[in-house]
Amino acid sequence: MLLAGLLGLLAFLPYVSSQKETDLLNLHLTSGGFENYLWRSNITAAQVLLTSSNVTDRLQRFVVAMPAGNSGTLSYFLPVDETQELSVQLINGALQDAVAPFNNVGVQGKFSFNADASLGVTIIGAVRAMRDYVEGSGTMHEIFNYTVSSFNASFLHLHRGWINSTHSMDFILTAQDNMMFNITPSNNGTFTPPTVLFQLPDPSRIGTVGWSVVCNETTFAGLGPSGVFLSPSEAANQAGANALQGLANGVNVNAQQLSFLTYQSKSLAGGWRFLTYFGRDTMIALRLLMPIVTPEESESVLGAVLERLNSTGAACHEETIGDYASFINLSDGIPELGDTPFYDYKMIDTDLYVLPTVAHYFLDIPQGKNRSSAFLSQRAGLNNTNLNISYHDLLVRNALYNLQRAEPFALNPHASNLLHLRPGQPVGNWRDSNEGLGYGTIPFDVNVALVPSSLRALARLSRAGLLQLPNVTAIADAYAQIWEDHAASFFEVKVNATTAESRLKDFVIQANLSEALLDAAEKQSNRTIQDSVEFYALSLHDDGSQVDVMHSDLGFSLLFASNVPKQQIEHAITLLQPYPIGLLTNLGMLSTNPALSSNRTQIDVLDRGSYHGTVVWSFQQALMAAGIARQLKFCDNSTITIDIEPIPNPKPSWCSEKALVSDLKAAQSRLWNAINGGRAEIFSEVWSYSYDKTQNTFDVADLAVISPQGTESDAIQFWSFTFLAVANATMQN
Ligand SMILES: *[C@@H]1O[C@H](CO)[C@@H](O)[C@H](O)[C@H]1NC(C)=O
Ligand SMILES: *[C@@H]1O[C@H](CO)[C@@H](O)[C@H](O)[C@H]1NC(C)=O
Ligand SMILES: *[C@@H]1O[C@H](CO)[C@@H](O)[C@H](O)[C@H]1NC(C)=O
Ligand SMILES: *[C@@H]1O[C@H](CO)[C@@H](O)[C@H](O)[C@H]1NC(C)=O
Ligand SMILES: *[C@@H]1O[C@H](CO)[C@@H](O)[C@H](O)[C@H]1NC(C)=O
Ligand SMILES: *[C@@H]1O[C@H](CO)[C@@H](O)[C@H](O)[C@H]1NC(C)=O
Ligand SMILES: *[C@@H]1O[C@H](CO)[C@@H](O)[C@H](O)[C@H]1NC(C)=O
Ligand SMILES: *[C@@H]1O[C@H](CO)[C@@H](O)[C@H](O)[C@H]1NC(C)=O
Ligand SMILES: *[C@@H]1O[C@H](CO)[C@@H](O)[C@H](O)[C@H]1NC(C)=O
Ligand SMILES: *[C@@H]1O[C@H](CO)[C@@H](O)[C@H](O)[C@H]1NC(C)=O
Ligand SMILES: *[C@@H]1O[C@H](CO)[C@@H](O)[C@H](O)[C@H]1NC(C)=O
Ligand SMILES: CC(=O)N[C@H]1CO[C@H](CO)[C@@H](O)[C@@H]1O
């Protein structure tokens, strides 16, 4: 009663908004052999890529990707004389807005050509169609063919009209200094491309081509650095104020890069390939960044998730908008849907991040205090099945959906009642490559960390009066307790001393490392390779058998749970040992280590070339570091954290074990040594290693280069900026 009254009152408190600036963003970064330019003005946003000048590739690639409709163009330029090295660059790195009739907006710039070239494959329209080509070894779909609107010796206009709307994209090229176009039109409609030659009358000088790419899909309003980040004076603690130096004012380039991915209505996963809504990436990142970001930013991410829930309450993993939505609807045999967005609900973890993130925001973080009633009374504005439904009611759907999924195990805590990947889906959590879970179907993170955390958050929100759900608090708490008491035991792996030793010795041979690495690992820790080891399995198979691979996902528990058992702390200490005994290398914490697995095939499958294998993920390190600091703070309130959370009362029982707490602190400093060793990479998404046998050290290696799929990495990813909000434990007194 009291709470309901209070909430009503709060609705009338003045709405204090920080500045909503759409500061101009104009950034340049080199990544993965490409020059990336990030451009955002008050009318458009686009990421432009060109092959770096020092990369000698016959194909020079040009990409423009826009959040608007997730639209873009992809083009290749090839040398006419194959003995010449072609280079196509953006002159002065300069971009500008481009404006054309019918609300078409975009970017323009100038290319330099150092030699005669021809236009290769060109895809105009959907970024997803561009990805099909780049990631799917040249997959193209005729329905996406462009048309040639007009051309002459100094002008070429390529056009694409969307499948089911009047939206369109144009790619226009103009010959400027020392440049002539020589164009032969197609003799077979839009199917066969025209032959386009870029000719330099004076081969001793560069030739110049002006270009513009415009589109009339809806542009989203951006949040500039000052719209995303608090100013240092608004921080709730000194660590937060320190972390916020240079962020809101845009001095920090990472703050600007993050801002490029941040819009009033949603945050984007990353560019250029994922310049659109992704639920998991943005919620994990928000959970970590929340103490230093504005209410606008938190509510933009949370609102975007709620708007896209399905009517059952499941959270959307990825949205498909724009022209590619038509393609999906046609492929799904529902052409009548036209370009109605397609929302993907295949993941089993995304739904479980919603309540913990919402609860942390409204119940713990100062920026969220007093804002719940205004937020929850908002009504969904996306034109989908949720239109006009209140955020509160959407949140209730998610709560009931998660409660219902948790129920079978709560009533009968058997492995078969744990959450499995959906039938026929090879993926379902953040390790969403086919081999990411070692081919298991019951992920550790979902079952041990996320289900109980979601239930606890439901109970908290309900107890605080934010969720109007009768009688649910006690049920959610009771279910959570059963999950907390039982789920982890199914994942518990024990490897005895003799087996551990023989597997480690075998592993260094199979993984092309050296036995000296084992000696070094022993020296740097208090373990020997003859010690028995206990850790949690990465996943389980359908029959409950374990994928007994060591991994970093315990970080989710440490960050989300307030009452982890002693065993999880012990396991964290075990993980934070030098590789291959544990996960730590001189360039970061690995996300996976198959050294001790009974299934020796996992060593080849989850190796340093696998996306979720023996590689370092920035956000996983941040999660582990923030999780450990959080747990230590529960024991000792003087521990420095940027995040803000009440200390549980009573404290976790393991806090009274001094030796354990001190071991955890030692593990924390080992973790930070590893993190600091890879500092230069800290804001990139994922990196791999090469091993130097003479030095026994690891060097950073580009995963895209060594992975068999060769999937390129994105220059910027939303969840790769989480270290902005994690206090460096080695920099403290
Ligand atoms: C965008 O900003 C420019 C000044 O930089 C201003 O002239 C223009 O009116 C603005 N356009 C919109 C649509 O806000
Ligand atoms: C190109 O230069 C960048 C630094 O500007 C460097 O990191 C990269 O390794 C170089 N690539 C090649 C192929 O030389
Ligand atoms: C988009 O631009 C095209 C011209 O390129 C125009 O025909 C069409 O009507 C425009 N559509 C919208 C929705 O503005
Ligand atoms: C001409 O285009 C059609 C599709 O419109 C395609 O099936 C055919 O193979 C093309 N012919 C040539 C010679 O490329
Ligand atoms: C979308 O376009 C496809 C292909 O032209 C067509 O079959 C379908 O009926 C269209 N859908 C709508 C809603 O217009
Ligand atoms: C919502 O998504 C979940 C998870 O994929 C699914 O089980 C459920 O049937 C969906 N609901 C609707 C109405 O499609
Ligand atoms: C929502 O979309 C449907 C189908 O595209 C359209 O008929 C309807 O008018 C739209 N409603 C609103 C409120 O925009
Ligand atoms: C062993 O690992 C491989 C590679 O991940 C996997 O395909 C296979 O199913 C695993 N075998 C067992 C019995 O778990
Ligand atoms: C809530 O619990 C009370 C007491 O157990 C019961 O009388 C009431 O019907 C329940 N309400 C709902 C909506 O289930
Ligand atoms: C150690 O474990 C292996 C199987 O992993 C088993 O064969 C062996 O008997 C165990 N040794 C001892 C001493 O328990
Ligand atoms: C080894 O253990 C001792 C005593 O517990 C501790 O002081 C020391 O820091 C530990 N060393 C490492 C490398 O963890
Ligand atoms: C001009 C152009 O891009 N044509 C393409 C149309 O689609 C077919 C089928 O995917 C491609 O083979 C053509 O190259």
Side-chain angles (χ1 to χ4, degrees), residues 43-46 64 66-73 97-108 118-126 129 138-151 155-174 184-196 211-221 265 303 306-311 316 319-330 332 334-343 378-391 394:
I43 58 165
T44 192
V64 175
M66 301 178 176
N70 200 17
S71 315
T73 70
D97 281 345
V99 179
F102 301 104
N103 302 317
N104 279 286
V105 293
V107 277
Q108 58 180 321
S118 64
L119 181 66
V121 165
T122 294
I123 295 172
I124 303 177
T139 304
M140 287 173 82
H141 309 283
E142 193 178 350
I143 196 167
F144 291 127
N145 282 175
Y146 61 82
T147 55
V148 180
S149 291
S150 59
F151 70 92
F155 184 78
L156 175 62
H157 179 178
L158 306 180
H159 176 82
R160 231 194 76 69
W162 273 203
I163 298 167
N164 284 123
S165 75
T166 64
H167 293 120
S168 62
M169 180 170 255
D170 295 280
F171 179 22
I172 293 169
L173 295 157
T174 52
T184 313
S186 156
N187 56 5
N188 191 20
T190 63
F191 190 86
T192 310
T195 304
V196 179
W211 60 268
S212 69
V213 172
V214 296
C215 178
N216 57 11
E217 274 275 1
T218 311
T219 300
F220 304 103
S265 58
L306 293 178
E307 297 259 358
R308 291 166 179 78
L309 294 184
N310 75 7
S311 59
C316 172
E319 70 177 1
T320 304
I321 58 172
D323 200 27
Y324 206 85
S326 289
F327 182 69
I328 291 198
N329 291 330
L330 284 170
D332 287 351
I334 31 180
E336 62 276 14
L337 288 188
D339 65 355
T340 302
F342 172 78
Y343 301 108
Q378 266 186 63
R379 287 176 187 277
L382 267 193
N383 185 5
N384 62 19
T385 51
N386 295 336
L387 189 65
N388 282 329
I389 299 178
S390 74
Y391 282 8
L394 291 169

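Heads up: numbering here begins at 1 and tracks the sequence. Order of listing sets the numbers, starting from 1, for every ligand and every atom in it.
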Side chain to side chain contact (heavy atoms under 4.5 Å, CB included) between Ser265 and Leu382, worked out | CA-CA 10 Å; Ser265 58; Leu382 267 193; over 6 Å; no
Atom CG in Leu158, atom CG in Leu173: separation rounded to 0.5 Å?
-> 6.5 Å
A student checking ligand 7 against Asn383 at a 4.0 Å heavy-atom cut-off should list atoms 1 (C), 2 (O), 3 (C), 8 (C), 10 (C), 11 (N), 12 (C), 14 (O)
Should Leu337 and Asp332 be marked as a side chain to side chain contact (heavy atoms under 4.5 Å, CB included) after you check the CA-CA gap, both sets of side-chain angles, and the distance that decides it?
-> CA-CA 10 Å; Leu337 288 188; Asp332 287 351; over 6 Å; no
Enumerated ligand 3 atoms positioned under 4.0 Å from heavy atoms of His167 | 13 (C)
Sequence neighbours excluded, the answer for side-chain contact (heavy atoms from CB on, under 4.5 Å) partners of Ala45 is Arg40, Pro67, Phe260, Tyr263
Which of the atoms in ligand 7, numbered in the order shown and given with their element, are less than 4.0 Å from a heavy-atom of Leu387?
-> 13 (C)
Does Asn104 reach ligand 3 with a nitrogen or oxygen that is under 3.5 Å from one of the ligand's nitrogen or oxygen atoms?
-> yes
Please examine the side chains of Asn384 and Tyr343, heavy atoms only from C-beta on, and report whether any two atoms are closer than 4.5 Å.
-> yes
Partners passing side-chain contact (heavy atoms from CB on, under 4.5 Å) against Ser311 (at least two apart in sequence or in another chain) | Arg397
Nearest 0.5 Å please: distance from the CZ atom of Arg308 over to the CG atom of Asn386.
-> 10.5 Å
Assess Thr340 for proximity to ligand 7: is some non-hydrogen atom of it under 4.0 Å away?
-> no
Does any donor atom in the side chain of His159 or Asp170 lie under 3.5 Å from an acceptor atom in the other side chain?
-> yes
Could you list the atoms of ligand 3 found under 4.0 angstrom from a heavy atom of His159?
-> 5 (O)
Would Phe144 and Tyr324 count as a close aromatic pair, with their ring centres under 6.0 Å?
-> yes
Tell me, which residues have any heavy atom less than 4.0 Å from some atom of ligand 4?
-> Glu142, Asn188, Phe191, Thr192
Ligand 3 to Ser168, heavy atom cutoff 4.0 Å, flagged ligand atoms 1 (C), 2 (O), 3 (C), 4 (C), 5 (O)
For ligand 3, does Asn216 get within less than 4.0 Å through its side chain, its backbone, both, or neither, judged by non-hydrogen atoms?
-> side chain
Pairs of donor and acceptor atoms involving the side chains of residues 184-195, under 3.5 Å and at least two apart or interchain, shall be tabulated with distances.
residue	atom	partner	partner atom	Å
Ser186	OG	Asn188	N	2.9
Ser186	OG	Gly189	O	2.8
Ser186	OG	Thr192	O	2.9

